[in-house]
K.L.:
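Okay, handing you the structure first.
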Number of protein chains: 2
Amino acid sequence: MAKKGQYTYEYPHPAVTADCVVFGYDGKELKVLLIRRGLEKEASTMAYVGEWALPGGFLDVEKDRTVAHTAARELKEETGLKLSYREFREVGTYSDIKRDPRERVITVAHYALVKLAEVQADTDADKAEWFAFGDVPSLAFDHDKILRDAFSRLKQNIHFEPVGFELLPEVFTLPQLQNLYESILEVKFDRRNFANKMKHYEILSEVDDGTPRRGTRTPIKYRFDRENYDRLKRSGFQLEF
Amino acid sequence: MAKKGQYTYEYPHPAVTADCVVFGYDGKELKVLLIRRGLEKEASTMAYVGEWALPGGFLDVEKDRTVAHTAARELKEETGLKLSYREFREVGTYSDIKRDPRERVITVAHYALVKLAEVQADTDADKAEWFAFGDVPSLAFDHDKILRDAFSRLKQNIHFEPVGFELLPEVFTLPQLQNLYESILEVKFDRRNFANKMKHYEILSEVDDGTPRRGTRTPIKYRFDRENYDRLKRSGFQLEF
DNA sequence: TGTTTTTTGTGTCATATTTACACACCGACA
DNA sequence: TGTCGGTGTGTAAATATGACACAAAAAACA
């Protein structure tokens, strides 16, 4: 542990943190990973002890290459989830002078998308919990606003990036994909038109798992065709819904 | 001037700055406001002395309410331009561990749009200069990248916000507006189709300055109809071009 | 001054895109 | 065995987009 008062500067410096909004999808609704504050590190110096909050923590000035690295490191420490710094997308900076009661703390918020089924086992249930997006309790600091902003950003980015495919399992069905889009965009689509549009983009490939379909009731399984998507993206397009 | 070593922390803290990309439009092309480093404050402690850079500077931990306030304050100090903190839109955070050779400095980049004709007189020509966006020299730090990113962000935001109207004078013509859109989006539009679409949105009002138009060569003057725009926005729309 | 060039405003038609909509199949469940 | 619910599929109407030409006058030029 570092000695107190070891680091001095000519002018005051703020502390900098990175916070993570991790979105998952369980096939029905969007979920968010939260932690309960104060169960870990020394609680005495902490604010908002016992409240729910976004995972996140202080930038390691000497080691973290960027704040996205901070986000990845802290997420791992606080929830057990291992993501690469490249998986974080920036939401924004929150710098209000009074946002932390202890000292001036500026946070850079990020969001990340995970395949819930694949990571649920990795999340340390003692510290972290998945909440339905609509059921999130009131959060510490300005994390309520950060969460809302992260969702808005996701909602925008869905038009430019295949966010749906990052949230679904490798193999998924059209109804699942549609449901996810509807959850994020908060609208309803006509099933047939949605299928047509998706088909038109040619970014889905049917998965043939050997078993012949035994009736239309069993939905067709698809896989995201990243190669075609990348080609489309290079030619400059927008996913319209 | 503060005494050296006055501010101590248990853990190292980064310095935080705000940088500003100020876009203007002269009727022909997009312009950016740059400053030459080292002409102001004590140059001895400075990096990149003499090079061109974006206006910006250190967060005043005790006084600046948010980093947008820092941006506004520094822009005023360095270029004479007075903008409200509300006029800055965040571009992103630049936190690479090596981005400043002196100490760890994290910057939050912003952009702002100004009506060039109205502010050109306010810009302190000794310190700052307007450059055509295409003619910007190589900049200090990672400001080249910040500038590119700010432009991309502007290009995206033009679909959601009436950015064109913030760059043009109160009263403008359709050809001016089209030219601006073409500059930002880097495409060409058909004059008639552009006019039709704009007309269709109903966010322009003709300005009647008394003088009857004496021929089609004199373009019709318009004013942005913010009331109609706000109504449209509330009903959830997108400016498509 | 006259001539040429440039700029602007305007409307229609062909094509592409979007939206609305109905039925047949079969598995799940009672 | 019957009913219910979820899935797949195609077409027609409405809407949006994209291409296109001419007339008028200002501006540039000789």
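Numbered from 1 within each chain, the chains take letters A, B, ... in sequence-line order. We use all heavy atoms of the structure for the numbers below, so side chains are in, but hydrogens, waters and symmetry mates are not.
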K.L.:
What is the distance, to the nearest angstrom, from the CD atom on Q176(B) to the P atom on dT7(C)?
P.N.:
14 Å
K.L.:
Given atom CZ of F189(A) and atom P of dG6(D), what is their separation to the nearest angstrom?
P.N.:
19 Å
K.L.:
From dG11(C), dA22(C), dT8(C), pick the nucleotide closest to the side chain of P175(B)?
P.N.:
dT8(C)
K.L.:
Measure from CG on L239(B) to P on dA16(D) and round the result to the nearest Å.
P.N.:
15 Å
K.L.:
Just compare dT10(C), dG10(D), dT18(C) and give me whichever is closest to any side-chain atom of K197(A).
P.N.:
dT18(C)
K.L.:
Under a 3.5 Å cutoff, is there a donor and acceptor pairing between the side chains of T107(B) and D19(B)?
P.N.:
yes
K.L.:
Could you please name the option among dC21(C), dT7(D), dG9(C) that lies closest to any side-chain atom of T216(B)?
P.N.:
dG9(C)
K.L.:
Give the nucleotide from the list dC21(C), dG18(D), dG8(D) with an atom nearest to the side chain of I220(A).
P.N.:
dG8(D)
K.L.:
For L174(A) and dT7(D), what is the distance between atoms CG and P respectively, to the nearest whole Å?
P.N.:
10 Å
K.L.:
Is any side-chain N of the basic residue among K145(B) and D149(B) closer than 4.0 Å to the acidic one's carboxylate O?
P.N.:
yes
K.L.:
Atom CD of Q238(B) to atom P of dT17(D): distance rounded to whole Å?
P.N.:
12 Å
K.L.:
Side chain to side chain contact (heavy atoms under 4.5 Å, CB included) for Y181(A) and Q176(A)? Distances and angles first, verdict last.
P.N.:
CA-CA 9 Å; Y181(A) 268 82; Q176(A) 280 181 310; over 6 Å; no
K.L.:
Would one find more than 12 heavy atoms of other residues, nucleotides or ligands at under 6.0 Å from atom NZ of K115(A)?
P.N.:
yes
K.L.:
Could you write out each protein N or O paired with an N or O of nucleotides 2-5 of chain D at a distance under 3.5 Å?
P.N.:
unit_1: dG5(D); atom_1: N2; unit_2: R217(A); atom_2: NH1; d: 3.1
unit_1: dG5(D); atom_1: N3; unit_2: R217(A); atom_2: NH1; d: 3.3

K.L.:
Mind calculating the distance between CG (N196(A)) and C1' (dA20(C)) to the nearest angstrom?
P.N.:
12 Å
K.L.:
Determine whether a donor-acceptor pair (N or O, by modelled atom type, separation under 3.5 Å) exists between the side chain of E90(B) and the backbone of T93(A).
P.N.:
yes
K.L.:
On DNA chain D, check which nucleotide each of R192(B) and K199(A) is closest to and give me the residue with the more 5' one.
P.N.:
K199(A)
K.L.:
Taking atom NZ of K188(A) as the centre, does the number of heavy atoms from other residues, nucleotides or ligands within less than 6.0 Å exceed 12?
P.N.:
no
K.L.:
For the pair made of CZ in F241(A) and P in dT19(C), what is the distance, rounded to whole Å?
P.N.:
12 Å
K.L.:
Hey, are K127(A) and D124(A) close enough for a salt bridge, meaning a charged N less than 4.0 Å from a carboxylate O?
P.N.:
yes
K.L.:
Which nucleotide in the set dC21(C), dC22(D), dT12(C) lies at the smallest distance from any side-chain heavy atom of R191(B)?
P.N.:
dC22(D)
K.L.:
For D190(B) and E240(B), take the nucleotide of DNA chain D holding the closest heavy atom to each; which residue's nucleotide lies nearer the 5' end?
P.N.:
E240(B)
K.L.:
Round to a whole Å and report the spacing from NE2 of H200(A) to C1' of dG10(D).
P.N.:
16 Å
